[in-house]
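Since this is a predicted model, take the numbers as computed values, not measurements. In what follows, chains are A, B, ... by sequence order, proteins preceding strands, each numbered from 1. Computed over heavy atoms, backbone and side chain alike; hydrogens, waters and symmetry mates excluded.
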Amino acid sequence: MQYFKIYNTLSGKKEIFRSINPNIVTMYVCGPTVYGEPHLGHARPALTFDILFRYLKHLGYKVRYVRNITDVGHLLNDADEGGDKIGEKAKALKLEPMEVANFYTKKYHESLYKLNIENPSIEPLASGHIIEQIEMIKKIIDNGFGYEVNGSVYFDVVKYNESNDYGILSRRKIEDLMDSSRHLDGQSDKKNKVDFALWKKASSEHIMRWPSPWGDGFPGWHLECSAMSCKYLGEEFDIHGGGMDLVFPHHEAEIAQCCAANNNKGAKYWMHNNMITISGQKMGKSLGNFITLDEFFNGSHDKLDQAYHPMVIRFFLLQAHYRSTIDFSNTALQSAEKGLIRLFNAIKILNKLKPKEKSTVDISPFSSKCDLAMNDDMNTPIVLSYLFDLVKIINSTYEGKQDLSIKDINELKKLFEKYTVSIFGLCNSEEDSDPTDVEGIMSIILELRQNSKEKKDWEIADKIRDRLNNLNIEIKDTKDGTSWSYKK
RNA sequence: GGUCGGAUGGCCGAGUGGCUAGGCAGUGGUCUGCAAAACCAUCUACACCGGUUCGAAUCCGGUUCCGACCUCCA
């Protein structure tokens, strides 16, 4: 019996995953704030938890996967001042804030679709859950962990820490936070500088605003995830995911809010994907060194030598473990592209292998080795390394240097289908989407070329090859006849 | 400054006490009318200094360098 182990940030260890309810997994992942173009950094958590979503389903769980869209709140800085990001963008573009949010939500969806990332079960909007957030604030106040000042409501971290552990997730001590937190300019309404806003009073020029028991305002930084996870997954659920940069303060605050409101930490397992770096430094909006997904897909960014197919991006990310940083470079991406083509070619060849009586290689351990790697905190690079071992076997079988029985060939087909397509979501879209019978047409062309070759009419044979090459179709002459494939 | 993580071959990137990651690139060969692909073989490692051990890239201590979080961030 194999167990699925995942690294839990809460314990700092890999733990055996056991769902709260048998056969059902509830999972919440922090989605983007939709005020800018989706970039490579957004793709990492979306992909990490897409793999988890797919894998859990593979393990036989019914999964309810909630990934939010943040379309309100979030001030530009921590000093309780400045507009909110969406509002500022709306002002700059002279648009309604909801136009900004909708525009970038659509962009986000389009990019994830291209990356073959499955839709979550529920994708709630923060703006659609203001009532739930207000209700949660009321509970926090009633339980004595929130206080109102001048139309804003703050979370009393110091008081909370007396009976709970603020820092349980990020392993921080409140004394250190008191020492190191940035000094705020001007007077703050907060009792302590570690306190955070649950509700902010809207200044007169603030566009995004809602009525509340404390006056017109908008919800605080961290509240929406607590309110929405609770609404759709319950006070206690299985997995909460997001980028590592959200561990503190965002997820720490979420735990505090949930405990303060419901006396329950919320998620049992906290999972965090690492960052994407560019020349060793985090790729991020605030650093201005990010590359948008569209730019990758069409190659339009200065730093890019070429366009990269979404599947190449997907494969590139899967080649690293989700808890490692992964460094972007053109050479790394180009390597990934070639590797992916090699993988796809082998899958195609696999379907053409001629079975023999008996296999000369033992492929039986591979399936469980792949499962073992996946069960070890989703070690996708290791799974890929095994698949590439199999690529070698498939290719050498095609060359006639190895034999595979029909049983083993079918075994391999199942294995590649399971990992490459179902779990890793790598699809060779060019072949899947072709409505015409290209195979049939190609076999006619190749037959004619074969006739020329037999007559040693190299001119015709080469012409066919060159012309097809111009159409992005590559011809390969092998012992068993000629094969063809798309170049990219 | 505080907390945490990292340093692996030309590049990317796994592993974690003894046995090979894998991809890309390089080199030599096989195949081929040529080409491409593929196959076979092969080369370049575990930041530095100590220690533990029969044995360490892997454990322990120290050093250097890098990064993340401590403001919004995926």
(request) State, without any angle test, whether A:Asp403 and A:Ser359 hold a side-chain donor-acceptor pair at a distance under 3.5 Å. (result) no

(request) Name the residue closer to the 5' end of RNA chain B, choosing between A:Asn273 and A:Arg323 according to the nucleotide with the nearest heavy atom. (result) A:Arg323

(request) With the side chain of A:Asp462 defined as its heavy atoms from C-beta on, choose the nearest nucleotide among B:rC34, B:rA74, B:rG22. (result) B:rC34

(message) Using the side-chain heavy atoms of A:Lys338, tell me which of these nucleotides is nearest: B:rC24, B:rC12, B:rG15.
(response) B:rC24

(request) Would you verify whether the NZ or CZ of A:Lys5 falls within 45 degrees of the ring axis of A:Tyr3 while also being under 6.0 Å from that six-membered ring's centre? (result) no

(message) Check this for me: does any side-chain nitrogen of one of A:Glu37 and A:Lys107 sit under 4.0 Å from a carboxylate oxygen of the other?
(response) yes

(request) Could you pull out all residues at least two apart from A:Gln402 that satisfy side-chain hydrogen bond (donor to acceptor under 3.5 Å, both in side chains)? (result) A:Thr360

(request) Measure the distance from CG on A:Leu318 to P on B:rC12 and round it to the nearest whole Å. (result) 19 Å

(message) The criterion is ring-ring contact (aromatic ring centres under 6.0 Å, His included); which residues satisfy it with A:His321, sequence neighbours excluded?
(response) none

(request) Indicate, with a heavy-atom threshold strictly under 4.0 Å, whether A:Gln334 touches base, sugar-phosphate, or nothing. (result) nothing

(message) Rounding to an integer number of Å, can you tell me how far A:Leu169 CG sits from B:rC70 P?
(response) 13 Å

(request) Take atom C1' in B:rA7 and the same atom in B:rC46, then report the distance between them in whole Å. (result) 10 Å

Please tabulate, one pair per line, each protein N/O and nucleotide N/O from nucleotides 35-38 of chain B that are separated by under 3.5 Å, including the distance.
from	atom 1	to	atom 2	distance (Å)
B:rA35	N6	A:Asp477	O	3.4
B:rA35	N1	A:Asp477	N	3.3
B:rA35	N3	A:Arg465	NH1	3.1
B:rA36	O2'	A:Glu474	OE2	3.4
B:rA36	N1	A:Asp477	O	3.3
B:rA38	O3'	A:Asn395	ND2	3.1
B:rA38	O2'	A:Glu399	OE2	3.2

(message) Before you tell me yes or no, could you show the steps for A:Tyr269 and A:His240 under ring-ring contact (aromatic ring centres under 6.0 Å, His included), namely the whole-Å CA-CA distance, both residues' side-chain angles and the distance that decides it to 0.1 Å?
(response) CA-CA 6 Å; A:Tyr269 301 90; A:His240 191 128; over 10 Å; no

(message) Say we look at B:rG50 and B:rU30: how far apart would their P atoms be, to the nearest angstrom?
(response) 48 Å

(message) What's A:Lys282 touching, base or sugar-phosphate or nothing? Going by heavy atoms closer than 4.0 Å.
(response) base

(request) Under 4.0 Å between any heavy atoms, over every strand shown, what does A:Ser324 touch: base, sugar-phosphate, or nothing? Just pick one. (result) sugar-phosphate

(request) Rounded to whole angstrom, note down the C1' distance from B:rU71 over to B:rA14. (result) 35 Å

(request) Between A:Phe316 and A:Gly280, name the one whose nearest nucleotide on RNA chain B is closer to the 5' end. (result) A:Phe316

(message) Please classify the nucleic acid contact of A:Thr325 as base, sugar-phosphate, or nothing, using heavy-atom distances under 4.0 Å.
(response) sugar-phosphate

Could you list, one pair per line, each protein nitrogen or oxygen that sits under 3.5 Å from a nitrogen or oxygen of nucleotides 17-19 of chain B, together with the distance?
none

(message) What verdict does the salt bridge (charged side-chain N to carboxylate O under 4.0 Å, His left out) test give for A:Asp462 and A:Arg465, after you've listed the backbone C-alpha separation in whole Å, the side-chain angles of each residue and the deciding distance to 0.1 Å?
(response) CA-CA 5 Å; A:Asp462 289 351; A:Arg465 184 174 62 198; 3.3 Å; yes

(request) Taking side-chain hydrogen bond (donor to acceptor under 3.5 Å, both in side chains) as the test, write out the residues that go with A:Ser385, two or more places apart. (result) none

(request) Flag this pair as yes if the NZ/CZ of A:Arg172 is under 6.0 angstrom from the six-membered ring centre of A:Tyr166 and inside a 45 degree cone about the axis; otherwise no. (result) no

(message) Going by ring-ring contact (aromatic ring centres under 6.0 Å, His included), name the residues that satisfy it together with A:Tyr232, two or more places apart in sequence or in a different chain.
(response) A:His129

(message) I need the NE2-P distance between A:His250 and B:rC73, as an integer number of Å.
(response) 7 Å

(message) The criterion is ring-ring contact (aromatic ring centres under 6.0 Å, His included); which residues satisfy it with A:His42, sequence neighbours excluded?
(response) A:His39

(message) For a quick check under 3.5 Å, do A:Ser324 and A:Asn274 share a side-chain donor-acceptor pair by atom type?
(response) no

(request) Can you run through RNA chain B from 5' to 3' and write each base as (, ), [, ], | or . depending on how it pairs? Watson-Crick or G-U wobble, both distances under 3.5 Å. (result) (((((((..(((.....[...))).(((((.......)))))....(((((..]....))))))))))))....

(message) Just to be sure I understand the rule, does A:His39 reach a base, reach only the sugar-phosphate, or reach nothing, if contact means heavy atoms closer than 4.0 Å?
(response) base

(message) Whether the A:Ser364 and A:Asp362 side chains hold a donor-acceptor pair (N or O, under 3.5 Å, no angle test) is what I'd like checked.
(response) yes

(message) Taking the P atom in each of B:rC60 and B:rG5, what is the distance between them to the nearest angstrom?
(response) 12 Å

(message) Taking the C1' atom in each of B:rC43 and B:rC49, what is the distance between them to the nearest angstrom?
(response) 29 Å

(request) For A:Gly41, report the nucleic acid contact type (base, sugar-phosphate, nothing); a contact means any heavy atom under 4.0 Å. (result) base

(request) In whole angstrom, give me the gap between the P atoms of B:rG51 and B:rA41. (result) 40 Å

(request) Send over the distance from A:Leu177 CG to B:rG1 C1', rounded to a whole Å. (result) 13 Å

(request) Would you please say whether a donor-acceptor pair under 3.5 Å links the side chains of A:Thr70 and A:Asn68? (result) yes

(request) Please check if any side-chain donor atom of A:His272 sits under 3.5 Å from a side-chain acceptor atom of A:His251, or the reverse. (result) yes

(message) Tell me every residue that passes side-chain hydrogen bond (donor to acceptor under 3.5 Å, both in side chains) with A:Gln334, counting only those two or more places apart in sequence or in another chain.
(response) A:Gln306, A:Tyr308

(message) Below 4.0 angstrom, which residues in residues 381-390 of chain A have at least one non-hydrogen atom near RNA chain B?
(response) A:Pro381, A:Ile382, A:Ser385, A:Phe388, A:Asp389

(request) For nucleotides B:rA74 and B:rA68, find the distance between their P atoms and express it as a whole number of Å. (result) 16 Å

(message) For the C1' atoms, the ones on B:rG2 and on B:rC59, what distance do you get once it is rounded to whole angstrom?
(response) 28 Å

Set out, line by line, the N/O atom pairs under 3.5 Å between protein and nucleotides 3-11 of chain B.
from	atom 1	to	atom 2	distance (Å)
B:rC11	O2'	A:Thr331	OG1	3.4

(request) Dump the intermediate steps for side-chain contact (heavy atoms from CB on, under 4.5 Å) on A:Lys303 and A:Ile291, then the final yes or no. (result) CA-CA 8 Å; A:Lys303 285 203 159 79; A:Ile291 302 175; 4.2 Å; yes

(request) Indicate, with a heavy-atom threshold strictly under 4.0 Å, whether A:Ile326 touches base, sugar-phosphate, or nothing. (result) sugar-phosphate

(message) Under 4.0 Å, counting only non-hydrogen atoms across every strand here, what does A:Met275 touch: a base, just sugar-phosphate, or nothing?
(response) base

(request) Check the distance between B:rG15's P and A:Leu372's CG and give it to me in whole angstrom. (result) 13 Å

(request) Any pair with a residue in residues 376-385 of chain A that passes salt bridge (charged side-chain N to carboxylate O under 4.0 Å, His left out), sequence neighbours left out, goes on the list, sorted by first then second residue, please. (result) A:Lys14-A:Asp376, A:Arg323-A:Asp377

